[in-house]
Amino acid sequence: MLKQITSSIMMIRPVAFRYNEQTAGNNYYQKVLHDVSPDQVQLNAQLEFDNFVSVLRNNGIEVVVVDDTLEPNTPDSIFPNNWISFHQDGSVALYPMCAENRRSERRLDILTLLTDVHNFKINEVLDFSHHEQTHRFLEGTGSMLLDRIHKVVYAALSLRTDLDLLNEFCDKFNYKAISFTSNQTVNKERLPIYHTNVMMCLGESFAVLCADTIDDLKERKLVIDSLVSSGREIIYITESQKQRFAGNMLQVSSKSGLKYLVMSTSAHKCLTKPQVLQLEKYTNILSSSLDTIEACGGGSARCMMAELFLPKIELL
């Protein structure tokens, strides 16, 4: 049976986290913390990471933590969902990344760790990363929100989300694409949002959506109609809530089957009481402070978690 949420995730523990100049050109969430030293930024990020992992594990969610390496220099390695995705049939996809210093985040040794140490089964690796040579990008489940049950992928097109590569993914994985443009206001100009997963979240029975970012009303209706037809209740968030990463959430489950929507403290605090009540009809809420990671990295809780949908090897 196809699953929308999983109880196992992979996370990369940072060793040299910092503001990444190569991604800041179109990630308008990033900020330079002038009053914090680089060493302190890394220490803060590592503490936020460790606390976040503890919150997840204390609630029965399996977290496979992989330590990053000092070399090569990968300041955004804390966001693995952009370069890899895992699927229930045992397939793994590797993705082409826009920033050159993010391409070194792809580590095949992690696949060996998952199979040899954690007993996950990998049947096939589909590598889309060669498209970097022609400057075309598709940044994993940052670019694509996968409705794994109905085989629909939602994607906000941008420099980091190429339409042709989206269609290639859909052909390989048998998905239908719902593509659109999602914008935010930058210096009074409407510019594409860098990743779909900052304005939208898909749970089992609900979706969180910043519909106001989809300026084209026909495209907005297309997205809403598709979500409704999948049986989900839509929880609408504002553009100001999106700026606080209220769209960057992920629903997971515990080993015992309890469902949790995971988000940052910033995202949790900006939700209204009616929005929280809407969500709590379907799921519990977990949050953890990610202030440094959000500010310097321009990503939040969802970006830090790569869902492990791979089957497990049955041990005798």
Side-chain angles (χ1 to χ4, degrees), residues 26-31 79 81-82 139-147 152-161 166 177-230 232-251 261-283 285 287 290 294-295 297-305:
N26 53 37
N27 180 342
Y28 308 112
Y29 295 83
Q30 289 178 245
K31 301 179 184 69
F79 304 131
N81 82 307
N82 299 140
E139 295 192 337
T141 54
S143 291
M144 302 181 293
L145 266 66
L146 304 180
D147 182 341
V152 174
V153 54
Y154 297 87
L157 302 178
S158 69
L159 176 64
R160 304 194 192 191
T161 306
L166 172 65
I178 302 288
S179 62
F180 54 95
T181 299
S182 178
N183 295 315
Q184 65 186 92
T185 301
V186 181
N187 298 324
K188 298 182 180 180
E189 186 180 2
R190 295 293 275 176
L191 299 176
I193 287 175
Y194 79 108
H195 277 159
T196 314
N197 73 1
V198 296
M199 51 76 63
M200 187 175 176
C201 160
L202 281 183
E204 270 189 335
S205 303
F206 65 90
V208 176
L209 177 67
C210 186
D212 291 343
T213 64
I214 309 174
D215 295 337
D216 185 297
L217 296 183
K218 288 184 179 178
E219 290 185 344
R220 186 185 300 184
K221 185 177 186 300
L222 175 68
V223 172
I224 292 171
D225 287 349
S226 179
L227 291 171
V228 171
S229 70
S230 71
R232 290 179 170 88
E233 178 179 356
I234 301 176
I235 293 90
Y236 292 98
I237 59 171
T238 65
E239 292 200 57
S240 62
Q241 288 177 314
K242 172 194 62 65
Q243 287 298 120
R244 295 182 63 183
F245 294 100
N248 198 244
M249 307 164 168
L250 181 68
Q251 191 182 28
L261 183 61
V262 183
M263 64 189 75
S264 70
T265 300
S266 173
H268 195 178
K269 284 183 175 179
C270 79
L271 295 175
T272 66
K273 186 168 284 187
Q275 288 169 330
V276 169
L277 290 174
Q278 272 185 292
L279 290 168
E280 287 181 339
K281 288 191 297 183
Y282 304 104
T283 190
I285 293 176
S287 62
L290 302 172
E294 288 177 332
S300 188
R302 195 279 167 265
C303 304
M304 296 169 65
M305 297 179 283

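Hydrogens, waters and symmetry mates are skipped; everything else that's a heavy atom, side chains included, is used. One-based numbering along the sequence shown.
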Minimal non-hydrogen separation, [X] against [Y], with atom names:
{"X": "R190", "Y": "T185", "value": "NH1-OG1, 3.0 Å"}
{"X": "F180", "Y": "V223", "value": "CD2-CG2, 3.5 Å"}
{"X": "A267", "Y": "F245", "value": "CB-O, 3.3 Å"}
{"X": "L202", "Y": "A207", "value": "CD2-CB, 4.0 Å"}
{"X": "I224", "Y": "A211", "value": "CD1-CB, 4.5 Å"}
{"X": "E139", "Y": "S143", "value": "N-OG, 2.8 Å"}

[atom1] of [X] to [atom2] of [Y]: how many Å apart, nearest 0.5 Å?
{"X": "I214", "Y": "T181", "atom1": "CD1", "atom2": "OG1", "result": "9.0 Å"}
{"X": "T141", "Y": "N82", "atom1": "OG1", "atom2": "CG", "result": "7.0 Å"}
{"X": "M249", "Y": "H268", "atom1": "CE", "atom2": "NE2", "result": "8.5 Å"}
{"X": "L166", "Y": "L157", "atom1": "CG", "atom2": "CG", "result": "7.0 Å"}
{"X": "R244", "Y": "S300", "atom1": "CZ", "atom2": "OG", "result": "11.5 Å"}
{"X": "N197", "Y": "L250", "atom1": "CG", "atom2": "CG", "result": "9.5 Å"}

Within-4.5 Å side-chain heavy-atom neighbours: [X] and [Y]:
{"X": "V262", "Y": "Q251", "value": "no"}
{"X": "S226", "Y": "D147", "value": "no"}
{"X": "I193", "Y": "M200", "value": "no"}
{"X": "C201", "Y": "R302", "value": "no"}
{"X": "L271", "Y": "L279", "value": "yes"}
{"X": "Q184", "Y": "V186", "value": "yes"}
{"X": "Y154", "Y": "M144", "value": "no"}

**Q.** Pairwise side-chain hydrogen bond (donor to acceptor under 3.5 Å, both in side chains) hits with a residue in residues 199-214, at least two apart
**A.** S182-T213, E204-K259
Q) Heavy-atom count around K218 NZ within 6.0 Å, excluding the residue itself: above 12? A)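 No.
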Check side chain to side chain donor-acceptor pair (under 3.5 Å) between [X] and all other residues, then give those that pass, not counting sequence neighbours.
{"X": "Y282", "result": "E233"}
{"X": "T196", "result": "none"}
{"X": "R220", "result": "none"}
{"X": "S158", "result": "none"}

(Q) If the condition is salt bridge (Lys or Arg N to Asp or Glu O under 4.0 Å), which residues does D216 pass it with, not counting sequence neighbours? (A) none
Q: Output all residues satisfying salt bridge (Lys or Arg N to Asp or Glu O under 4.0 Å) with K188, sequence neighbours left out; order by chain, then residue number.
A: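 Checked K188 against salt bridge (Lys or Arg N to Asp or Glu O under 4.0 Å); zero matches.
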**Q.** Derivation of the side chain to side chain contact (heavy atoms under 4.5 Å, CB included) call for N248 and C303
**A.** CA-CA 7 Å; N248 198 244; C303 304; 3.4 Å; yes
Q: Return the set of residues passing side chain to side chain contact (heavy atoms under 4.5 Å, CB included) with S240 (not counting sequence neighbours), or none when no residue passes.
A: T238
Q: Just jot down the side chain to side chain contact (heavy atoms under 4.5 Å, CB included) partners of T272, sequence neighbours excluded, or say none.
A: Q241, P274, Q275
(Q) Enumerate the salt bridge (Lys or Arg N to Asp or Glu O under 4.0 Å) contacts for residues 261-274, please, sequence neighbours excluded, ordered by first and then second residue. (A) none
